[in-house]
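Since the structure comes first, as structure tokens, the remarks are kept for the end.
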Amino acid sequence: MIRRTARELVVQSLFQIDFSDCSAEEALNAALEEKADKSAYKAQPYAEAAVNGILNALADIDAKIKEYSIDWDLSRMPAVDRNILRLAVYEIYFAENKIPAGIAINEAVEISKIYGSEDSPRFINGLLGKMVRNNE
């Protein structure tokens, strides 16, 4: 449950960074304040490491997403979907302690059901699934 909370904090932080000139720290603090429960503060170390890791590898993460998002320019992709994908790609391919692909994809789909559109879960599952199958 703490990892799910951390992932939600990451997506919220990345979304805020996308639309403002705030720092990663400011975005994460805002997400923590909005959540305002004990699980959020327990999730903070993982969320902080993930946000910083994603931002440090952003060009590589985005390149990997672009490679598999046929007919979808990254800048025109819904911001929520884009940031959920960034988190999942980071966890599967770039994190120091990589997450098994099936778990990362499932988590991404579940978060997209909360924050994304009606089409988000199918889109995210399809793109990540294709990416993983082609990289096995």
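Only a predicted model underlies this, so the values are computations on that prediction, with no experimental measurement involved. All residue numbers refer to positions in the sequence shown, counting from 1. Note: hydrogens, waters and symmetry copies are ignored here, and every other heavy atom, side chains too, is used.
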The test is side chain to side chain contact (heavy atoms under 4.5 Å, CB included); show your working for Phe15 and Tyr115 and say whether it passes. CA-CA 11 Å; Phe15 185 89; Tyr115 296 101; over 6 Å; no
Looking at every heavy atom in both [X] and [Y], which two are closest together, and how far apart are they?
{"X": "Met77", "Y": "Phe123", "value": "CE-CZ, 3.8 Å"}
{"X": "Ile124", "Y": "Ala108", "value": "CG2-CB, 3.8 Å"}
{"X": "Ala40", "Y": "Leu32", "value": "O-CD2, 3.3 Å"}
{"X": "Leu127", "Y": "Ile65", "value": "CD1-O, 4.5 Å"}
{"X": "Ile17", "Y": "Ala24", "value": "CD1-CA, 3.7 Å"}
{"X": "Met131", "Y": "Lys64", "value": "CE-O, 3.6 Å"}

Point-to-point distance, once rounded to the nearest 0.5 Å, from [atom1] of [X] to [atom2] of [Y]:
{"X": "Gln12", "Y": "Glu34", "atom1": "CD", "atom2": "CD", "result": "5.5 Å"}
{"X": "Ser75", "Y": "Asp62", "atom1": "OG", "atom2": "CG", "result": "10.0 Å"}
{"X": "Lys98", "Y": "Ile103", "atom1": "NZ", "atom2": "CD1", "result": "15.0 Å"}

Decide whether Arg86 and Asn83 meet the rule of one side-chain donor and one side-chain acceptor closer than 3.5 Å. yes
Hey, are Asp119 and Ser117 close enough side-chain-wise for a donor-acceptor pair under 3.5 Å? no
Any donor-acceptor pair under 3.5 Å from Arg82 side chain to Leu74 backbone: yes
[X] side chain near [Y] side chain, heavy-atom distance below 4.5 Å:
{"X": "Tyr68", "Y": "Val89", "answer": "no"}
{"X": "Lys130", "Y": "Ile70", "answer": "yes"}
{"X": "Arg4", "Y": "Glu110", "answer": "yes"}

Sequence neighbours left out, cut at 3.5 Å: what donor-acceptor pairs do the side chains of residues 41-51 make with other protein atoms?
from, atom 1, to, atom 2, distance (Å)
Tyr46, OH, Glu91, OE2, 2.4

Under the side chain to side chain contact (heavy atoms under 4.5 Å, CB included) criterion, do Tyr93 and Asn135 qualify, and how do the steps go? CA-CA 10 Å; Tyr93 297 106; Asn135 284 290; 3.6 Å; yes
Just to verify, what does Phe94 make a ring-ring contact (aromatic ring centres under 6.0 Å, His included) with, not counting sequence neighbours? none
Apply side-chain hydrogen bond (donor to acceptor under 3.5 Å, both in side chains) to Glu25 and list each qualifying residue two or more places apart in sequence or on a separate chain. none
